[in-house]
Structures are given as structure tokens and as C-alpha cells.
Number of protein chains: 2
Amino acid sequence: METPAEDVAPTRLTGLPSWLMTQTAAHAHRLVANGLAAVDARGYHYRLLATLDEFGPASQAALGRRTGIHLSDMVAAINELADRKLVVRAPDPTDRRRNVITITPTGRRQLRRLDKQLDRVQEDLLAPLTSAERDQLTLLLARLLNHHARHH
Amino acid sequence: METPAEDVAPTRLTGLPSWLMTQTAAHAHRLVANGLAAVDARGYHYRLLATLDEFGPASQAALGRRTGIHLSDMVAAINELADRKLVVRAPDPTDRRRNVITITPTGRRQLRRLDKQLDRVQEDLLAPLTSAERDQLTLLLARLLNHHARHH
DNA sequence: AGGGAACATTCGCCGCACCAACAACGATGT
DNA sequence: ACATCGTTGTTGGTGCGGCGAATGTTCCCT
């Protein structure tokens, strides 16, 4: 079934990069959220587990810096992970302000599960693009992200 | 100032297309929201004004189809536009279920203002890319959006 | 010793997307 | 002519992601 003329967006939008970016991201987000929800997870969980796995135990503030998750949202996210025994929150003996967050073996297993789930999602997400085009897109977006991450 | 090693995201994320898309989109969204807020508008307003300008008066349901705005969110959005006198909501005499939404001259003036604002935003957003690269990115995203818009 | 910075936490807000329910109305088939 | 079904507008609630403000504790530097 073709898209009926009634459903077509105005040209002002269809040519606007910011619109294309936010709309495609909305689709990406939906696919990711569904994929992760099927394994009782959400975006924040993956970001945190991946960060803990790659860099080892860290304070909540340090995790916030790496993941871009706001400190005020971190509390709930860590609670959710701790409830699922994917992570342990312990007071830092060397600095009593901090909590040290550590990934558990269960957390690592869950992370591997999330990886697989996300691989599937990327496939769906990028289905219409060739491998070379996917690389192009990834490169362009990475440069954009890099730029904006540094400039505030 | 270079990005400190402490702030770097895990490689699992930096190479993940869905992550790149949602993160760049977050930056895009922030820039757009700020730009529009400076003229007392938000994303929904632009979508609606642009659609009304290009296709003429329409029912809320029709607008929802074109803009991707949910019917349940449409009410508030139209209220906001009507409050600002950018749009008029009138019952459709030929179908008493419907409201006919019409853009006002004031609405058209505001739309032109939003256009300018968004032009500036695109410039900031795509700053690190050459003109050819911007076209590449736009094309790839358009193809993705096209694909996913059709397949649910 | 004092003052400023960092940390964890709580509360609340916004934007965008989506779902469920409902009442009113229109179109359709029999 | 009537019941059924789909459409429309509206309300209210959910979830995720991102922010800001305010508080209390602890650390660190001068």
C-alpha cells in the first residue's frame, strides 16, 4: 500500500535536516525501546551497564559524565539496576560522599543479552541502506555528535 | 579544552547507529527548541503551521496524519495556536464531527519568523559538515524516514 | 579554620510519543 | 429504517529522556 497523499508531510519539513534527524531518531528510539523492553530494560540501563563493563566500577557522578545521564535521573536508574541485581551500590570507603557502582556477573550476562537485542534493532533500523551507506551515515553522525559534545 | 578522558562514552555506544541517531537528535532537538522558544513556539506549532500553510485548512485528524502528531496531543497544540491567534478552530458545517483549522494572517507571519529561526538552527546543527556532506546526510535520513514511515 | 567544590538525593517541569475510553456523528449494508 | 462500524474530537494517564533548583553531607585547598 502506497502512502496516501493525505499522509504526506509538508516540504518545509521533509527537507529540513533537524526534522529528519528527530523523526528518524523517534523511529530508532521506538525500536530500541521495544527491543529493550522485551528484556525488561531501557536505554539508561544499557548505557550504564556498557559503561561499567568497559571502564569498571565508578561513582554515580562519573557514570553521569560518561553516559550523559543527569545525576538526578541516575538515582532511579541505579535503583532499577540494583533491584534486578545487575549492579551493586556500595559506599566508597575512601570518599564517603560517593557510592561505588559495580557490575555483577548477572549484569554482564544481561549486557550480552542487550547487545544481541540491539544488533537486531540496528538491522531493522538500517534495513533500507547498504553496508557502505550505513558506514557513511554512522561517520557523519559521529562527526556531528563529536562536534556538539565538545561545544556545550 | 579537549574532552577529558573521564567524559568519553563506551565504544559500545559510540559505534551504535541508534545511539548516534538519538544523541544527535537530542542536540538537534535542544537547538530547535531553544530557537523556537525564543519566538514563543515549539515543535508542534511549526509542524502545524507549515502543514496548514502548504495544504490549506484541515480537520485535526487530517493534520495529525500529516504531521505525525497524535490526536490526543492535537487538542492542546491547537489550543495553544488558537490562544496566540495564529489559527482559527471552527466547526465543519458539512460534517459535524469535525473542526476545521485555518491559519490566520498572523499565523503566516509567525510561520515566516519560525522559518528564519530554523534556518539559523540548521546552520549551527550542521556546522561541521560541508555542503555535500549535508546533502548526503539529508538523503540518507530521508530514505530511512521514508522506509519507516511506510512500514508502520 | 574556613570556604568552596563535589557528590547523592529529592522534587518538579517540559517535550514528545502513545494508549484507553468515551460521546457524538457519519457512512454502509441489509 | 436500523444496527453496525469507522471516524472525530476530547479527556486523562503512561513512559522515556532531558533539565533545573534545593538540600545535606563530605572532601579538599588555602
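Naming convention: chains lettered A, B, ... in sequence-line order (proteins, then strands); numbering from 1 in each chain.
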Quiz item: In whole Å, what is the span from the CG atom of Asp40(B) to the P atom of dC14(C)?
Solution: 14 Å
Self-check item: Backbone of Leu86(A) reached by a side-chain donor or acceptor of Thr104(A) within 3.5 Å
Solution: yes
Self-check item: Side-chain donor-acceptor contact under 3.5 Å, Arg30(B) with Asn34(B)
Solution: no
Quiz item: Got a salt bridge between Arg97(B) and Asp92(B), using NZ or NE/NH1/NH2 to carboxylate O under 4.0 Å?
Solution: no
Quiz item: Do Ile101(B) and Leu71(B) sit in the same hydrophobic cluster, where Ile, Leu, Val, Met, Phe, Trp and Tyr count as joined when their side-chain heavy atoms come under 4.5 Å apart?
Solution: no
Exercise. For Arg143(A) and Leu139(A), indicate whether the former's side chain and the latter's backbone hold a donor-acceptor pair under 3.5 Å.
Key: no
Quiz item: Taking NZ, NE, NH1 and NH2 as the nitrogens, is one of them in Glu54(A) or Arg66(A) under 4.0 Å from a carboxylate oxygen of the other?
Solution: no
Exercise. May I have the distance from Ile101(B) (atom CD1) to dT8(D) (atom P), rounded to whole angstrom?
Key: 13 Å
What does the list of N/O pairs under 3.5 Å between the protein and nucleotides 21-23 of chain C look like, with a distance for each?
none

Self-check item: N or O in side chain of Arg98(A) less than 4.0 angstrom from dT9(C) OP1/OP2
Solution: no
Quiz item: When rounded to the nearest 0.5 angstrom, what distance separates CE in Met21(A) from CG in Leu137(B)?
Solution: 6.5 Å
Quiz item: Has Asn79(B) got a side-chain N or O lying under 4.0 Å from the OP1 or OP2 atom of dT10(D)?
Solution: no
Exercise. Round to the nearest Å and state the distance from Gln60(A) atom CD to dT10(C) atom P.
Key: 10 Å
Quiz item: Does a donor on one side chain and an acceptor on the other come within less than 3.5 Å for Gln60(A) and Arg89(A)?
Solution: yes
Quiz item: Is Asp95(A) paired with Arg98(A) through a side-chain N to carboxylate O contact shorter than 4.0 Å?
Solution: yes
Quiz item: Along nucleotides 17-30 of chain D, 5' to 3', which nucleotides get a B, which get an S, and which get a -, given that the test is a protein heavy-atom distance under 4.0 Å?
Solution: SBBB----BBS---
Exercise. Take the protein atom CG of Asp92(B) and the nucleotide atom P of dC25(C), then report the distance between them rounded to whole Å.
Key: 13 Å
Quiz item: Of all the nucleotides listed (dC7(C), dT8(D), dT10(C)), which has the minimum atom distance to the side chain of Val75(A)?
Solution: dT10(C)
Practice problem: Give the rounded distance in Å between these two atoms: CG of Asn99(A) and P of dT10(C). | Solution: 11 Å
Exercise. Quickly work out the Met74(A) CE to dC11(C) C1' distance and round it to whole Å.
Key: 18 Å
Quiz item: So, is Arg89(B) near the phosphate of dT10(D), with a side-chain N or O under 4.0 Å from OP1 or OP2?
Solution: yes
Quiz item: Between dA17(C) atom C1' and Leu48(B) atom CG, what is the distance in whole Å?
Solution: 15 Å
